[in-house]
Amino acid sequence: MKHILLCSAMLGLAAAPAMAAPHTATPAPAAATAEASYPMATFMGAWTVRAEVPAFTVAGNRAMGPAARLLVNVPEVYAANIGESRFSLAQKSGSSWSGTQHGTTMTMTLISPNAGHILITNTNGHKVDVPLYRNDP
């Protein structure tokens, strides 16, 4: 008798998912689809590709709102190729800052507080795409 009850319970559990309502796709949470927003201080510091490559140094001015700027010093390795050694970036979104100097545009985007991305484009079509990681001691 004990085996019959156990067997019928197993059959009941096996049939339960088949009798369930059809699966519908659940929408992604709003937080996952919304772009992250980082304060200006999160962008500041030393950012590098690898430990042996000199770091991009990012500082911020004291202004608030539309006058706020990130000041980026470009390592000589990249400055020789792009022709610019410093950029002043203005905030474009919560995770992206951008600025143009003499026909060359730099955009810095954060992926997380410790990982970022710099894209440098020139009017002649030349692009430098640099993945970055925080290099603060």
Note to self: For Trp47, run the side-chain contact (heavy atoms from CB on, under 4.5 Å) check against Val130, Thr57, Leu110 and tell me which one passes.
What the structure shows: Leu110

Check: About how many Å separate CE of Met108 and OG of Ser98, when rounded to the nearest 0.5 Å?
Finding: 12.0 Å

Note to self: Nearest 0.5 Å, please: how far is NZ in Lys92 from OG1 in Thr107?
What the structure shows: 8.5 Å

Notebook entry, point to check: Which residues pass the side-chain hydrogen bond (donor to acceptor under 3.5 Å, both in side chains) test with Thr105, sequence neighbours left out?
Noted result: Thr100

Check: Can Met106 and Leu89 be said to form a side chain to side chain contact (heavy atoms under 4.5 Å, CB included), step by step?
Finding: CA-CA 8 Å; Met106 174 187 275; Leu89 309 180; 4.1 Å; yes

Checklist line | Hydrophobic cluster membership, Ile111 vs Tyr38, 4.5 Å side-chain cutoff | finding: no

Next item on the list: For Ala55 and Ala46, work out which heavy atoms get closest and say how close.
Entry: CB-CB, 3.9 Å

Next item on the list: Specify the closest pair of heavy atoms between Pro75 and Pro54, including all atoms of both residues, with the distance to one decimal.
Entry: CG-O, 3.4 Å

Next item on the list: Kindly write out the residues that satisfy side-chain hydrogen bond (donor to acceptor under 3.5 Å, both in side chains) with Thr48, not counting sequence neighbours, or none if the list is empty.
Entry: none

Next item on the list: Please collect all ring-ring contact (aromatic ring centres under 6.0 Å, His included) contacts where either partner lies in residues 86-120, sequence neighbours excluded, each pair once.
Entry: Phe43-Trp97

Next item on the list: Sequence neighbours left out, what pairs pass salt bridge (charged side-chain N to carboxylate O under 4.0 Å, His left out) with at least one residue falling in residues 109-135?
Entry: Arg134-Asp136

Notebook entry, point to check: Can you name the salt bridge (Lys or Arg N to Asp or Glu O under 4.0 Å) partners of Arg62, sequence neighbours left out?
Noted result: none

Notebook entry, point to check: Looking at residues at least two apart in the chain, or sitting in another chain, which of them share a salt bridge (Lys or Arg N to Asp or Glu O under 4.0 Å) with Arg86?
Noted result: none

Next item on the list: Work out which heavy atom in Glu84 is nearest to a heavy atom in Val74; give both atom names and the distance.
Entry: O-CB, 4.0 Å

Checklist line | Trace of the side chain to side chain contact (heavy atoms under 4.5 Å, CB included) decision for Leu119 with Val128 | finding: CA-CA 6 Å; Leu119 178 62; Val128 177; over 6 Å; no

Checklist line | Euclidean distance, Ile82 CD1 relative to Thr104 OG1, rounded to 0.5 Å | finding: 6.5 Å

Donor-acceptor pairs under 3.5 Å, side chain of residues 63-71 to any protein atom, not counting sequence neighbours: which ones?
unit_1	atom_1	unit_2	atom_2	d
Arg69	NH1	Pro66	O	2.9

Margin query: If the condition is side-chain hydrogen bond (donor to acceptor under 3.5 Å, both in side chains), which residues does Ser112 pass it with, not counting sequence neighbours?
Written below: none

Check: Quick one: does Met40's side chain get under 4.5 Å of Asn61's, heavy atoms only?
Finding: yes

Notebook entry, point to check: Can you name the side-chain hydrogen bond (donor to acceptor under 3.5 Å, both in side chains) partners of Thr121, sequence neighbours left out?
Noted result: none

Note to self: Going by ring-ring contact (aromatic ring centres under 6.0 Å, His included), name the residues that satisfy it together with Tyr78, two or more places apart in sequence or in a different chain.
What the structure shows: Phe56

